[in-house]
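Remember, predicted model here, so these are calculated numbers, not experimental data. These numbers come from the heavy atoms of this one structure, side chains and all, not from hydrogens, waters or symmetry mates.
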Amino acid sequence: MTNYDSLHIDGGGPLEGEFRVNSAKNSALYLILASLLTPEPVVLREIPRLSDVLVSLEILQHAGVEVAWQGRDLHLRADRITNCDAPYRLVSKMRASFVAMGALVARCGEARVSMPGGCAFGPRPVGRHIKAFQDLGVEILEQDGDFVARRHGSLAGRTTFETPTVGGTQNVLLASSIGNATVVIENAALEPEITDLAGMLNAMGARVEGAGTPTITVHGVEKLRGVIYRPIPDRIEAGTVMLAAAATRGRIVLQNIRVEHMTEVIALLREAGVGIDSIDDQAALVDARGPLRPVNVVADVYPQVPTDLQPPFGAFLATINGVSTIQDRIYPDRFTHIEELASMGGSLELEDRTLIVRGKGLHGAVIHAADIRAGGALVVAALAAPGKSVVTGLEFIDRGYEALAARLRSLGASIERRGDDVALALSASD
């Protein structure tokens, strides 16, 4: 892939067919880090080859972990750790990499981790992570832009997050699983990815109780063993494809989903008039061929609509006649996609951090993704919009959606990935 890659989409046709959802990127990243906690082999099943996943693997390889792919299975062995740091050249690519601190502190007793980078749609401070570690006895210093963490014995005690944080909860889970003391996390994040990490840790011999509730208790154990583990399905990819089917007025079957992880998303789509019928707890029929109506969306902590689906919801609602509103209580400034949707004919306006969408349809255009989920939104919009669209910024889309063009073609989409400078030439001519 080059920075000049682009998606060329001839939109306006309905998506139809079956789509198998990948394993969850937002879970896999932290399960990969959990492999640092044991010298024994770890196998993670059906891991998507996303650029964010590859960054996590670079961090592991920097630490001395053996990494090998066998088909879609990822084989990891951390029997010899050579570096207990995560340098800026790696963590600057992805904010989730800051959670390497917890795994390295557990395994090495200390860690040096640079300030994280990633998508720039709003601040995501690590202060809550730092405070939690300090509450549990970890010494943390800031040196030359890096955080240096040292534990003196096992993590112990209680920490309460002022507001729930997925990354902070995962960081503490990783750091406290090895030891001979007990850690209690209050106001813990409730997301399924937390439960998934706890499930893997427990399969490795950890004693994590209460994952999926506001209070998690971790009883440290002397050591963890290797494991073979499959992550949960990706509820963000599933939701994005659901919204694409709805925006194109299509009819698809989604395979490999967890319906219970998507209750609010499904409820909102049904309120909008989309038919969603569970085939079983791992598959659903999505039928948007009937009349649709506007709805109001509030993105918030689980089990509400995920902030990662707020941009694709905006693209979908731009195709429905009437007025909808969108609020994001997690990242209130996460609206980098608005100008791009406006260039497609969308009428979207921010008023006091509420996005007002006056749906009237879209048309093709040259558009640019500025972050991962804005990219998902623009693909949804381009699939729905009659005419030809070119989507650039694939370096972001590749972080969250694997082989997207080929997989959408299986639903009848007219979409092609081109690795040339066609999109730049089109942009220059605008």
Expected list for residues 312-322: side-chain donor-acceptor pairs under 3.5 angstrom, two or more places apart:
{"from": "T319", "atom 1": "OG1", "to": "R249", "atom 2": "NH1", "distance (Å)": "3.0"}
{"from": "T319", "atom 1": "OG1", "to": "R249", "atom 2": "NH2", "distance (Å)": "3.4"}
{"from": "T319", "atom 1": "OG1", "to": "F316", "atom 2": "O", "distance (Å)": "2.6"}

Under 3.5 Å, side-chain donor or acceptor atoms of residues 264-276 against the rest of the protein: list the pairs with distances, not counting sequence neighbours.
{"from": "R270", "atom 1": "NE", "to": "I276", "atom 2": "O", "distance (Å)": "3.1"}
{"from": "R270", "atom 1": "NH2", "to": "I276", "atom 2": "O", "distance (Å)": "2.5"}

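- Under the 4.5 Å side-chain criterion, counting only non-hydrogen atoms from C-beta, V301 is not in contact with L190.
- No donor-acceptor pair under 3.5 Å is formed between the side chain of R49 and the backbone N or O of A403.
- Between the side chain of T248 and the main chain of A384, no donor-acceptor pair closer than 3.5 Å is present.
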Determine all donor-acceptor pairs shorter than 3.5 Å in which one atom belongs to a side chain in residues 340-348; sequence neighbours excluded.
{"from": "E340", "atom 1": "OE1", "to": "H368", "atom 2": "N", "distance (Å)": "2.9"}
{"from": "S343", "atom 1": "OG", "to": "E340", "atom 2": "O", "distance (Å)": "2.6"}

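- The cationic atom of R373 (NZ for Lys, CZ for Arg) lies less than 6.0 Å from the six-membered ring centre of Y401 and within 45° of the ring axis.
- Looking at D280, its side chain does come within 3.5 Å of a backbone N or O of Q282 through a donor-acceptor pair.
- With hydrogens and angles ignored, the 3.5 Å screen pairs a side-chain donor or acceptor of Q310 with a backbone N or O of R334.
- Comment: R230 engages E46 in a salt bridge, judged by a side-chain N to carboxylate O separation of less than 4.0 angstrom.
- N22 and E402 are linked by a side-chain donor-acceptor pair at a separation below 3.5 angstrom, with hydrogens and angles left out of the test.
- A salt bridge between E237 and K25 is absent, with no side-chain N of the basic residue lying under 4.0 Å from a carboxylate O of the acidic one.
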**Message:** Walk me through whether N296 and T325 qualify under side chain to side chain donor-acceptor pair (under 3.5 Å).
**Reply:** CA-CA 5 Å; N296 299 323; T325 63; 2.9 Å; yes
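- Between atom CG of residue N202 and atom CE of residue M200 there is a gap of 11.5 Å, rounded to the nearest 0.5 Å.
- Every residue was checked against the ring-ring contact (aromatic ring centres under 6.0 Å, His included) condition with F161, not counting sequence neighbours, and none meets it.
- Shown here are the salt bridge (Lys or Arg N to Asp or Glu O under 4.0 Å) partners of E191, two or more places apart in sequence or in another chain: there are none.
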Do any side-chain atoms of residues 27-42 form donor-acceptor pairs under 3.5 angstrom with protein atoms, and if so which ones, sequence neighbours left out?
{"from": "S27", "atom 1": "OG", "to": "D196", "atom 2": "OD2", "distance (Å)": "2.6"}
{"from": "S35", "atom 1": "OG", "to": "I32", "atom 2": "O", "distance (Å)": "2.6"}
{"from": "T38", "atom 1": "OG1", "to": "E40", "atom 2": "N", "distance (Å)": "3.1"}
{"from": "T38", "atom 1": "OG1", "to": "L224", "atom 2": "O", "distance (Å)": "2.8"}
{"from": "E40", "atom 1": "OE1", "to": "G226", "atom 2": "N", "distance (Å)": "2.9"}

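- Annotation: side chain of T165 is not in contact with side chain of T163 (no heavy-atom distance under 4.5 Å).
- Contact annotation: the side chain of R409 approaches that of I415 to within less than 4.5 Å [non-hydrogen atoms, C-beta and beyond].
- The shortest distance between side-chain heavy atoms of I330 and D300 falls below 4.5 Å.
- Inter-residue side-chain proximity for V166 and N26 is flagged as unmet; no heavy-atom pair is nearer than 4.5 Å.
- Annotation: salt bridge (Lys or Arg N to Asp or Glu O under 4.0 Å) contacts of D73 (sequence neighbours excluded): R45.
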**Message:** I'd like to know whether R399 forms a side chain to side chain contact (heavy atoms under 4.5 Å, CB included) with M94, so could you lay out the CA-CA distance, the side-chain angles of the two residues, the decisive distance to 0.1 Å, and finally the verdict.
**Reply:** CA-CA 9 Å; R399 291 179 56 193; M94 182 179 68; 3.9 Å; yes
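- In this structure, F133 has no ring-ring contact (aromatic ring centres under 6.0 Å, His included) partners at least two apart in sequence or on a different chain.
- Sorted pairs that involve residues 284-393 and meet disulfide (SG to SG under 2.5 Å), not counting sequence neighbours, are lacking altogether.
- Shown here are the salt bridge (Lys or Arg N to Asp or Glu O under 4.0 Å) partners of K131, two or more places apart in sequence or in another chain: D135.
- Looking at V21 and V241, their side chains never come closer than 4.5 Å, going by heavy atoms from C-beta outward.
- Remark: H363 engages no residue in a side-chain hydrogen bond (donor to acceptor under 3.5 Å, both in side chains) (not counting sequence neighbours).
- For the atom pair CG of L378 and NE2 of H337, the computed distance is 8.0 Å after rounding to the nearest 0.5 Å.
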**Request:** Just do the side chain to side chain contact (heavy atoms under 4.5 Å, CB included) check on R235 and I257 with the steps written out, would you?
**Result:** CA-CA 7 Å; R235 62 195 174 103; I257 66 172; over 6 Å; no
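- Residues in residues 49-105 take part in these ring pair (Phe, Tyr, Trp, His ring centres under 6.0 Å) pairs, two or more places apart or across chains: F98-H129, F98-F147.
- Between the side chain of S6 and the backbone N or O of V391 there is no donor-acceptor pair closer than 3.5 Å.
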**Request:** Kindly determine whether L197 and L174 satisfy side chain to side chain contact (heavy atoms under 4.5 Å, CB included), including the steps that lead there.
**Result:** CA-CA 9 Å; L197 177 58; L174 291 169; 4.1 Å; yes
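- Annotation: side chain of D85 is not in contact with side chain of D146 (no heavy-atom distance under 4.5 Å).
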**Audit row: D52, I372, side chain to side chain contact (heavy atoms under 4.5 Å, CB included) steps and yes/no** = CA-CA 10 Å; D52 274 7; I372 304 174; 4.0 Å; yes
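- Proximity of I185 to L173: side-chain heavy atoms (C-beta onward) are separated by under 4.5 Å at one or more points.
- Of the possible polar contacts, none joining the N256 side chain to the R20 backbone as a donor-acceptor pair under 3.5 Å is found.
- The minimum heavy-atom distance linking P87 with S114 is given by the pair C-OG, 3.7 Å.
- Remark: side-chain polar atoms of R112 are paired, donor with acceptor, to backbone N or O of Q143 under 3.5 angstrom.
- No hydrogens or angles considered: a donor-acceptor pair under 3.5 Å links the side chains of T307 and D328.
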